[in-house]
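Notes follow the structure.
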Amino acid sequence: MTTVGIGLIGAGFMGTTHSKAYQSIASTFGPDLTPRLEIIADVNPDAAKAAAGIFGFKRWTTNWQDVVACPDVDLVDITTPNSSHCPIAIAAARAGKDVHCEKPLALDAAEAREATNIVEKAGVISSVGFNYAQNPIQAYVKSVIDSGELGRVVNFRGSYDQDYYAEDETLHTWRFLKSASASGALGDLASHTISLAQYLTGDINRVCGMTRIIVPERPDPNDPATMLPVENDDIVQFMYSGQNGVIGTIFSNRLACGRKMSLTYEIQMTRGCILFTQERQNEVQIYRHDDRPLERGFKTVLITPGQGEYAHFFNGAGIEIGYADLKTIEMYHAIRHSAEQTKNPIDFRFGCRVNMVIDAVLESAANNTWVEVI
Ligand code: SOE
């Protein structure tokens, strides 16, 4: 039985989500490869201590440096706000640790490139938390696209809308600050859509975008009578030209009334079309133009054994998996590539490309022009 020592940094929403995923790996993927929960860090000692007790980490600390220095840690898992992702990842790589980092990888492309180069030079294994690309359905969609049976991809249209900030009274958080988050809906939500476009249809090479701030200030959580500025995009949309002649449109709105988990895409190909929405993550709609003309129509394909890692959950089609299960797959892939010392396809180089697209969209919106992703 192989184990991978985990050092988790951050005990908030995402740190808790990762911890639950680690606890689900043995029961889902079996006892041969499991995580060893060595140490968890959070700036809040109560949060770190509580998480250690609930999830079974051997130690807890308020200093992330203790995690990086821990000799029993093989893989450092970063779930802190965006501004600390790369400094921690660089320190971990230099300490010879494999690194998993939540999305987006960095505040900007320069930081992402620096961290990626250091990670690759250190020869450690890296991965980024684009969990929606881990869905067995996406592995199936990628197999259909790569098979060529629907011809070639000509157009990608994707969105990721939520209404978690539709209320003006929603309190201010680090996600509204350029210093802590850089972009807003673009990095927090559209980064997922960009990751799916990259994973399924190839790189995005040239963009033209626009952004808007709709609610310019939010109540200070420490004093709701005080208002704090919103410094980044509530809404973003951009056109792009990509690899293999693909053209596309991606948009995201973090105060889109009625949209809860509306991560969607439509992939238009020369002999068909594929439709997906995260709100129905256990199915995909496929249209085959080569069907008999009287029978042409979108077919619902349900999640089923043989698609990605689904068989580890259930042996029958249509028994649904959820968001937490995508995280279990993501963390299992992180420890498997760490144990095997093999390249994870959704690594820092992949995450750096997403940050490069984000930077290009922001530059395009600021200058009202097309920008190359370089
Ligand atoms: C925003 O509400 C958010 O938590 C994103 O930050 C996550 O990446 C996404 O998976 C769910 O929504």
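Counting convention: from 1, in listed order, for ligands and their atoms alike. Predicted, not measured: the structure shown is a model, and the values here were computed from it.
- Relative to atom 2 (O) of ligand 1, the option among K103, R254, Q162 with the closest non-hydrogen atom is Q162.
- When hydrogens are left out, the protein atom nearest atom 4 (O) of ligand 1 is R175 NH2, 3.9 Å; that is the closest non-hydrogen contact.
- When D188, L263, L326 are ranked by how near their heavy atoms come to atom 1 (C) of ligand 1, first place goes to D188.
- Of the protein's heavy atoms, H192 NE2, 2.8 Å lies nearest to atom 8 (O) of ligand 1.
- A side-chain donor-acceptor contact under 3.5 Å links Q341 to the backbone of S338.
- Without hydrogens or angle criteria, N253 side chain to L255 main chain gives a donor-acceptor distance under 3.5 Å.
- The distance from the CZ atom of F348 to the CD1 atom of I125 is 11.5 Å, given to the nearest 0.5 Å.
- Interatomic distance, CD1 of I274 versus CD of Q138, reported as 9.5 Å (0.5 Å rounding).
- Within the 4.0 Å heavy-atom shell around ligand 1 one finds Y160.
- With hydrogens and angles disregarded, a donor-acceptor distance shorter than 3.5 Å links the side chain of N155 to the backbone of I247.
- Of all the heavy atoms of Q278, none lies under 4.0 Å from any atom of ligand 1, so neither backbone nor side chain is involved.
- Annotation for ligand 1: atoms under 4.0 Å from non-hydrogen atoms of Y132 are 9 (C), 10 (O), 11 (C).
- The distance between the ring centers of Y199 and F350 does not fall below 6.0 angstrom.
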